[in-house]
Amino acid sequence: MLLEQLKQDFLTINKTVYFDEHQYLREQTKDPKSVQAFIKQAEMLLQQIENAEEQYYLLGTLGYCYRILNQANKAIYYLEQCLKKVEENPARKMVTLIRLGEAFKYNNQHHKALKLFEDAQAIQKTHNIENYEDFIYQHKAKCLMELGDNVQAKELLKLALAIRKDKGVDSLITSTEKALQLLKEE
């Protein structure tokens with residue numbers, strides 16, 4: 001029951017997240033105190049549960065929350081723990097590698113992030129996991145933007161945008177269009 005309430009609270013936390021146009025569209029929160037309170041609850045619950053599925057969820061969520069608070073080292077710690085839980089599940093491993101790559105990017109370890117995005121893409125292609133290729137392109141492109149490789153970033157964003165237009169998900173299309181617009185402004 002506690003986990004179900006925490007999941008609802010996480011949806012509320014997500015509503016405070018925005019893409020900071022002054023930081024290469026990095027995700028940030030408008031309400032750090034609520035995120036910190038959420039983290040405290042999640043960390044306490046993590047110590048109490050033994051179910052691997054629930055641990056996976058909490059570790060990934062904690063990694064995300066620490067990242068949006070710009071506490072990349074703590075995000076990396078939790079996402080590396082999360083990665084240990086998903087070795088046998090290619091789809092979850094791929095998603096966790098993307099999340100971990102983002103945490104490394106926030107820690108200004110861009111080359112490590114790019115390697116993780118490439119590892120995620122290799123899993124995606126090997127196991128033909130649909131619905132994630134655009135995310136990999138977008139995260140990799142934003143990392144390249146931060147490194148100043150705008151030419152390659154633009155190419156990847158165009159690939160992501162084409163996939164997202166096929167999906168027809170407005171929020172994803174808008175996200176990629178914002179990234180392309182940011183590239184034009186630089």
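Position 1 is the first residue of the sequence; numbering continues from there.
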Candidates L172, N131, D134 - the one meeting side-chain contact (heavy atoms from CB on, under 4.5 Å) with I163: D134

Using the side-chain contact (heavy atoms from CB on, under 4.5 Å) definition, which of the options K74, Q28, Q36 pairs with L69? Q36

Please round to the nearest 0.5 Å and tell me the distance separating atom [atom1] of [X] and atom [atom2] of [Y].
{"X": "Q48", "Y": "L3", "atom1": "CD", "atom2": "CG", "value": "11.0 Å"}
{"X": "E177", "Y": "L180", "atom1": "CD", "atom2": "CG", "value": "7.5 Å"}
{"X": "Q71", "Y": "N73", "atom1": "CD", "atom2": "CG", "value": "9.5 Å"}
{"X": "I98", "Y": "I136", "atom1": "CD1", "atom2": "CD1", "value": "4.0 Å"}
{"X": "L58", "Y": "L46", "atom1": "CG", "atom2": "CG", "value": "5.5 Å"}
{"X": "L45", "Y": "L6", "atom1": "CG", "atom2": "CG", "value": "6.0 Å"}

For [range], pull every pair meeting salt bridge (charged side-chain N to carboxylate O under 4.0 Å, His left out), keeping only residues two or more places apart or in separate chains.
{"range": "residues 109-119", "value": "K115-D119, E118-K140"}
{"range": "residues 10-21", "value": "none"}
{"range": "residues 81-93", "value": "E53-R92, E87-K93"}

Side-chain contact, heavy-atom cut-off 4.5 Å: [X] with [Y]?
{"X": "L59", "Y": "T96", "value": "no"}
{"X": "Q8", "Y": "L11", "value": "yes"}
{"X": "E102", "Y": "F117", "value": "yes"}
{"X": "K105", "Y": "R67", "value": "no"}
{"X": "Y56", "Y": "N89", "value": "no"}
{"X": "Q41", "Y": "Q5", "value": "no"}
{"X": "T126", "Y": "P90", "value": "no"}
{"X": "L114", "Y": "L147", "value": "yes"}

So, for [X] and [Y], which heavy atoms are closest and what is the spacing to 0.1 Å?
{"X": "A103", "Y": "A72", "result": "O-CB, 3.6 Å"}
{"X": "A113", "Y": "C143", "result": "CB-SG, 4.0 Å"}
{"X": "L156", "Y": "A141", "result": "CB-CB, 3.8 Å"}
{"X": "E43", "Y": "Y66", "result": "OE2-OH, 2.7 Å"}
{"X": "A120", "Y": "M94", "result": "O-CG, 3.4 Å"}
{"X": "T176", "Y": "A160", "result": "CG2-CB, 4.2 Å"}

Given R164 and V169, is the side chain to side chain contact (heavy atoms under 4.5 Å, CB included) satisfied, shown in steps? CA-CA 6 Å; R164 289 176 169 193; V169 179; over 6 Å; no

Hey, mind stepping through K178 and Q181 against side chain to side chain contact (heavy atoms under 4.5 Å, CB included) and telling me if it holds? CA-CA 5 Å; K178 276 186 181 179; Q181 184 62 39; 5.5 Å; no

Quick one: sort the F135 and H139 rings into parallel, tilted or perpendicular, breaks at 30° and 60°. parallel

Given the rule that I, L, V, M, F, W and Y join up when any side-chain heavy atoms are under 4.5 Å apart, are [X] and [Y] in one cluster?
{"X": "L62", "Y": "L97", "result": "no"}
{"X": "V95", "Y": "V86", "result": "yes"}
{"X": "Y132", "Y": "L116", "result": "yes"}
{"X": "I123", "Y": "L100", "result": "yes"}
{"X": "F19", "Y": "L182", "result": "yes"}

Would T61 and F38 satisfy side chain to side chain contact (heavy atoms under 4.5 Å, CB included), going step by step from the backbone distance to the final call? CA-CA 10 Å; T61 302; F38 175 87; 3.4 Å; yes

Take a 6.0 Å sphere around CZ of F10 and say whether it holds more than 12 heavy atoms from other residues, nucleotides or ligands. yes

Are more than 12 heavy atoms from other residues, nucleotides or ligands located less than 6.0 Å from atom NE2 of H111? no

Quick one: is the NZ or CZ of R99 closer than 6.0 Å to the six-membered ring centre of Y64, and within 45° of its axis? no

Can you confirm if the NZ or CZ of K7 lies within 45° of the ring axis of Y57 and under 6.0 Å from the centre of its six-membered ring? yes

Quick one: does any side-chain atom of K142 pair with a main-chain N or O of L25 as donor and acceptor, under 3.5 Å? yes

Is the backbone of I13 close enough, under 3.5 Å, to the side chain of T16 for a donor and an acceptor to pair up by distance? yes

Intermediate values then yes/no, side chain to side chain contact (heavy atoms under 4.5 Å, CB included), K158 and Y137: CA-CA 9 Å; K158 285 180 180 179; Y137 287 146; over 6 Å; no

Is it true that Q23 and Y106 share a donor-acceptor pair across their side chains at a distance under 3.5 Å? no

